[in-house]
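Before any comments, here is the structure.
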Amino acid sequence: MNVRLVVPFIAVLSLAACATAPKPLQGQFNPIAPNQAVNVPQPGALVRWGGSIIETTPGPDQTCFQMLGRPLNASGRPASGSSSDDTSGRFIACRSGFYDPAVFQQGREVTFIGKISGTDSARIGEYDYRLPKIDADVVYLWPVVREVQVVDPWGPWGPGWGPGWGPGWGPYWGPRWGWW
């Protein structure tokens, strides 16, 4: 087999794998967003919604999460960064069992898969808010992303930069001394 054909094929496959959703988040879902589900009820529609946790409330049989919904990227993770102000509305997702609020704390990113079961009312400040509610089959807590800033101690003017006096690498990739 020709190596020139195999290497690009493997590179394309590996890049495609980077944009794939984790196994529990794969499938076909209704494209309705949480803010649309309040105005156009679609009970029973299978959706994949995600966002940041506002509040986690464990009950005797289930745990409910009040979420600030955000659009999902290609891997199913809530979009972050400059688009973090882009919200798809609040929603409530409930799942049977106990989910610890110390782990599922405010601000963590979660993606849910479930069926729309109606709406709930919530009071946000002095405003009465209707939130779409889903009965979640999948609760996917995303790992915390740590932002790392790399600082070059030399800055852009490190040793060997440009023409000048001192040791470095000249225009012909050899050592140089002097000005040229």
Problem - Nonpolar side-chain network containing V138, other nodes, edges under 4.5 Å - result: L25, F29, L46, I113, Y140, W142
With a 4.5 Å heavy-atom cut-off, do [X] and [Y] have their side chains touching?
| X | Y | value |
| --- | --- | --- |
| Q26 | T20 | yes |
| S117 | P43 | no |
| N35 | T87 | no |
| F98 | Q62 | no |
| E109 | R70 | yes |
| R77 | V145 | yes |

Among the clusters formed by ILVMFWY side chains lying less than 4.5 Å apart, do [X] and [Y] turn up in the same one?
| X | Y | result |
| --- | --- | --- |
| V103 | V144 | no |
| I92 | V139 | no |
| M67 | V47 | yes |
| W49 | L131 | no |
| L72 | I134 | no |

Between [X] and [Y], which heavy-atom pair has the shortest distance, and what is it?
| X | Y | answer |
| --- | --- | --- |
| G50 | P78 | C-CG, 3.9 Å |
| S121 | R130 | OG-CG, 4.4 Å |
| T63 | Y99 | OG1-N, 3.0 Å |
| S88 | A33 | CB-CB, 4.3 Å |
| P132 | P34 | CG-O, 3.3 Å |

[X] [atom1] to [Y] [atom2] distance, which is reported to the nearest 0.5 Å:
| X | Y | atom1 | atom2 | answer |
| --- | --- | --- | --- | --- |
| C64 | D120 | SG | CG | 7.5 Å |
| Q42 | I116 | CD | CD1 | 6.0 Å |
| K115 | N30 | NZ | CG | 12.0 Å |
| K133 | T119 | NZ | OG1 | 9.5 Å |
| L141 | Q105 | CG | CD | 9.5 Å |
| I54 | T57 | CD1 | OG1 | 11.0 Å |

Practice task
Please check if the side chain of R108 supplies one atom and the backbone of S52 the other of a donor-acceptor pair under 3.5 Å.
Solution key: no
Handout entry: Side chain T111, main chain G76, donor-acceptor under 3.5 Å
Key = yes
Exercise for the section: Measure up the F104 and F65 rings against each other and bin them: parallel (under 30°), tilted (30 to 60°), perpendicular (over 60°). Expected result: tilted
Practice task
Would you kindly say whether R90 and Q66 are connected by a side-chain donor-acceptor distance under 3.5 Å?
Solution key: yes
Problem - Salt-bridge present (R123, D128; N to O < 4.0 Å) - result: yes
